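Take a look at the structure below.
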Amino acid sequence: MKGVNVEIMGQNLTVASDENDEWVKSLAGRVDERIRKLRANGNTVSSVNIAILAALNFADELEHLKKEHQELIDRITAMKERLTDAIDGKLAESTATRGVE
């Protein structure tokens, strides 16, 4: 695991990660951007409070994405089942038409 230097909220940090440097820097940039937006939109001055709000924002986004992901998986599963049933029905129909069992 290597360290990657990033800056968040004006603080230089070394983040340990197995990911490539650009990925880690991109994530740090997103965190820093979210914090800047929160600072600009609110009355919160405490760095800790802003960091907590940013974490809550990311957690909310993650949970919504997880829910959407599960809904997509459920839809794909249902479609697969319908397709399998349709194929099985056609195969049974074809077999019956030919008189083969």
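Keep in mind that this is a model prediction, so the values were computed, not measured. Keep in mind that the numbers below use all heavy atoms, side chains included, and drop hydrogens, waters and symmetry copies.
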Query raised in the report: Tell me, do Lys25 and Val4 make a side-chain contact under 4.5 Å, heavy atoms counted?
Result: yes
Presence of salt bridge, Glu71 and Lys66, under 4.0 angstrom = no
* Asked: Looking at side-chain heavy atoms only, is the closest gap between Thr84 and Asp88 below 4.5 Å?
  -> yes
Per side chain to side chain donor-acceptor pair (under 3.5 Å), Asn5 is matched among Asn12, Thr14, Asp21 by Thr14
Nearest heavy-atom approach of Ile50 to Leu38 is O-CD1, 3.9 Å
When rounded to the nearest 0.5 Å, the distance separating CZ of Arg82 from OG1 of Thr77 is 11.0 Å
Here the gap from Leu56 atom CG to Asn49 atom CG, rounded to the nearest 0.5 Å, amounts to 10.5 Å
Hydrophobic clustering (ILVMFWY, side-chain heavy atoms < 4.5 Å, transitive) - are Leu13 and Trp23 grouped together? no
Exercise. Using only heavy-atom distances, determine whether the side chains of Gln70 and Asp74 contain a donor-acceptor pair under 3.5 Å.
Key: yes
| Any Lys/Arg nitrogen of Arg30 or Glu61 sitting under 4.0 Å from an Asp/Glu carboxylate oxygen of the other? | yes
May I ask you to test the Leu72-His69 pair for a side-chain heavy-atom distance under 4.5 Å? no
Review point. Are Leu27 and Val6 co-members of a hydrophobic cluster defined by side-chain heavy atoms under 4.5 Å apart?
Key: no
Here the gap from Ser94 atom OG to Ile87 atom CD1, rounded to the nearest 0.5 Å, amounts to 13.0 Å
Neighbour count >12 (heavy atoms, 6.0 Å) for atom NZ, Lys37: no
Smallest heavy-atom separation, Ala16 atom then Met1 atom, equals CB-SD, 3.6 Å
Determine whether Met9 and Arg39 make a side-chain contact, defined as any pair of heavy atoms from C-beta on separated by less than 4.5 Å. yes
Cluster check Val31, Leu62: I/L/V/M/F/W/Y, side chain < 4.5 angstrom
no
Here the pair of heavy atoms bringing Ala54 nearest to Ile35 is CB-CG1, 3.7 Å
Separation between CG (Asp85) and NZ (Lys90), nearest 0.5 Å, reads 13.5 Å
Query raised in the report: Should Leu65 and Ile73 be counted in the same cluster of Ile, Leu, Val, Met, Phe, Trp and Tyr side chains packed under 4.5 Å apart?
Result: no
Is there a donor-acceptor pair closer than 3.5 Å between any side-chain N or O of Asn57 and the backbone N or O of Leu53? yes
Please lay out, stage by stage, how Ile52 and Val48 fare under the test side-chain contact (heavy atoms from CB on, under 4.5 Å). CA-CA 6 Å; Ile52 291 169; Val48 172; 3.8 Å; yes
